[in-house]
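Keep in mind that what you see is a predicted model, and the values were worked out from it rather than measured. Within every chain, numbering begins at 1; the chains are lettered A, B, ... in the order of the sequence lines, protein sequences first and strands thereafter.
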There are 2 protein chains.
Amino acid sequence: MKHAQSGATSRSVNDPTAKGKGPPAIEDITVKPMPASRTEAVQEALRQAIIEQKLRPGAKLPEDALGETFGTSRTIAREALGRLAVEGLVDLKPNKGAFVANPTLEEGRDIFMVRRGLEQTVTGLLAGRLRADQMTQLKAFNEKERSVSGVDEKESIRLAGEFHLLLARMTGNQLLIRYVTEVVSRCSLILAMYGRPHSADCGVDEHAEIIAALERGDAPKASHLMDHHLESVAGRAMLEARAEHDIRELLAPYAARIKGMTE
Amino acid sequence: MKHAQSGATSRSVNDPTAKGKGPPAIEDITVKPMPASRTEAVQEALRQAIIEQKLRPGAKLPEDALGETFGTSRTIAREALGRLAVEGLVDLKPNKGAFVANPTLEEGRDIFMVRRGLEQTVTGLLAGRLRADQMTQLKAFNEKERSVSGVDEKESIRLAGEFHLLLARMTGNQLLIRYVTEVVSRCSLILAMYGRPHSADCGVDEHAEIIAALERGDAPKASHLMDHHLESVAGRAMLEARAEHDIRELLAPYAARIKGMTE
DNA sequence: TCTCTCCTTATTGCATGCGATAATCGCATG
DNA sequence: CATGCGATTATCGCATGCAATAAGGAGAGA
């Protein structure tokens, strides 16, 4: 069972997958999504790149370039872009192309608002229903967060998001997992855009408190903590944004009018 | 089975008149039914068909057949299916094809659980913040619901879903609108699968109560009413399902094992 | 008669080609 | 000098073709 296509095609694109086909090992299904098809691979790669700001918000995503980059055709890139558009990480403008989503502050607030509701559902479902091994996993994760807090900024942000994903996965509710995944992705993007440095680090202790409340089975407290945790994260980011970025935000329309930019 | 005899009429690949900038083909404008792109048109059409149970859950959706049906190529059908898969209305199985989502009772419960959280967010955002014209619109809608209640079953179900969408739209929160749209779609599918007749009709009065609470600005009450409204709708449907469908549900794994089906 | 294997066939996954659309630039003109 | 307009080019939208995979059936052997 080979994966590379037989050489009939004159075009030999560099196929990154051709370098050894590791048989999919048995993996922890709760933690690992899955490699899946090429489309999903590209989708996932783009998602990561967007979240990590390797691709700036508003950046154009030409199908050709993406296809070449990932060693696939435009078709795959196109499909991945379409799905990311459904997720809200990409803006798809007809006959104009795909762009990295460039959420405004208002959209950011909207997303955080939805996230608060979703994660309250998460805590409501988990409180008092976590198995021992899950509690262990959560506490270990929190320790990992603490260990990189203040050391590795990027990793800290990534783990902070991952913590919420971990909680969501523990509900076993597939839809909830999907939605939380989406909002966490988008919130990461927003925090990267508007948040100040260290705004994510502050969450470690709050995460610990949430874990404790969940362990006690105190659903109202857990939900309350989660809500305030998210509210404060959003609040700090937005406040900071107001001081640091809002000027640019306010000026954008004028600049656009001057330059004749049509957005 | 013949091979795709491409749509033939609607669009001719060889269009000699396209040369020059003469009078734009009139038929082009009239024939062109596309509100947006073709993909989205197909996506929307399929979504409607699935929700209205024109396509049974579990039904296969071959790309060729869809393309032929809609007068497009497989590419469009394929992309639409991919996006619907992201929305959860379609199951995409690698190398096997696309199928109409066939949610189990557990998935149904999961979806309703998420929906409850989302719609509580909606009520929380709307309570006491609705303009007069919006209140008028809501009350008029409720009256419309009442007028068809017990008369037109299908329409009644459709309007019941539409009411929740209307509320979500009034928040102005785009993400919330999208999520509520999705869960309402999927809940419609689930109710159509597992719900008993008339299960949706009962909602008219509850809708009225919610409207009243929103008008008074009583957020907790509105959220509470909404939550119980959805819980009861789900509960009735699931209860009925338990009596009517669960046997099949329980037997499925065994049947699968016998036949060697792996899903 | 049952089963195993191989072959046929329908359908997916992916790549590429072609026409069309929108952006860009040069050019001519008031 | 600014402005409007036509040609060029880059990119998108979409259709189609080709290889690969999975499903189904026929035939041979036990």
Can you list everything that forms a ring-ring contact (aromatic ring centres under 6.0 Å, His included) with Phe70(B)? Sequence neighbours excluded, please. none
Phe141(B): which residues meet the ring-ring contact (aromatic ring centres under 6.0 Å, His included) condition with it, sequence neighbours left out? none
Partners of [X] by side chain to side chain contact (heavy atoms under 4.5 Å, CB included), sequence neighbours excluded?
X: Asn102(A); result: Pro57(A), Met193(A)
X: Ala65(A); result: Pro62(A)
X: Arg169(B); result: Glu162(B), Leu165(B), Leu166(B), Ile177(B)
X: Arg83(B); result: Val86(A), Leu92(A), Thr39(B), Glu40(B), Gln43(B), Glu79(B)

Identify all pairs in which a protein N or O lies below 3.5 Å from an N or O of nucleotides 6-8 of chain D, and state each distance.
none

OP1 or OP2 of dG13(D) under 4.0 Å from side-chain N/O of Arg78(A): yes
Any Lys60(A) side-chain N or O less than 4.0 Å from OP1/OP2 of dA23(C): no
Salt bridge (Lys or Arg N to Asp or Glu O under 4.0 Å) filter on Lys60(A), not counting sequence neighbours, yields none
Reading 5' to 3' and counting Watson-Crick or G-U wobble pairs with both distances under 3.5 Å, write the dot-bracket notation for DNA chain C, | for bases paired outside the strand. ||||||||||||||||||||||||||||||
With respect to the side chain of Arg74(A), which nucleotide from dA15(D), dC12(D), dA15(C) is positioned closest? dC12(D)
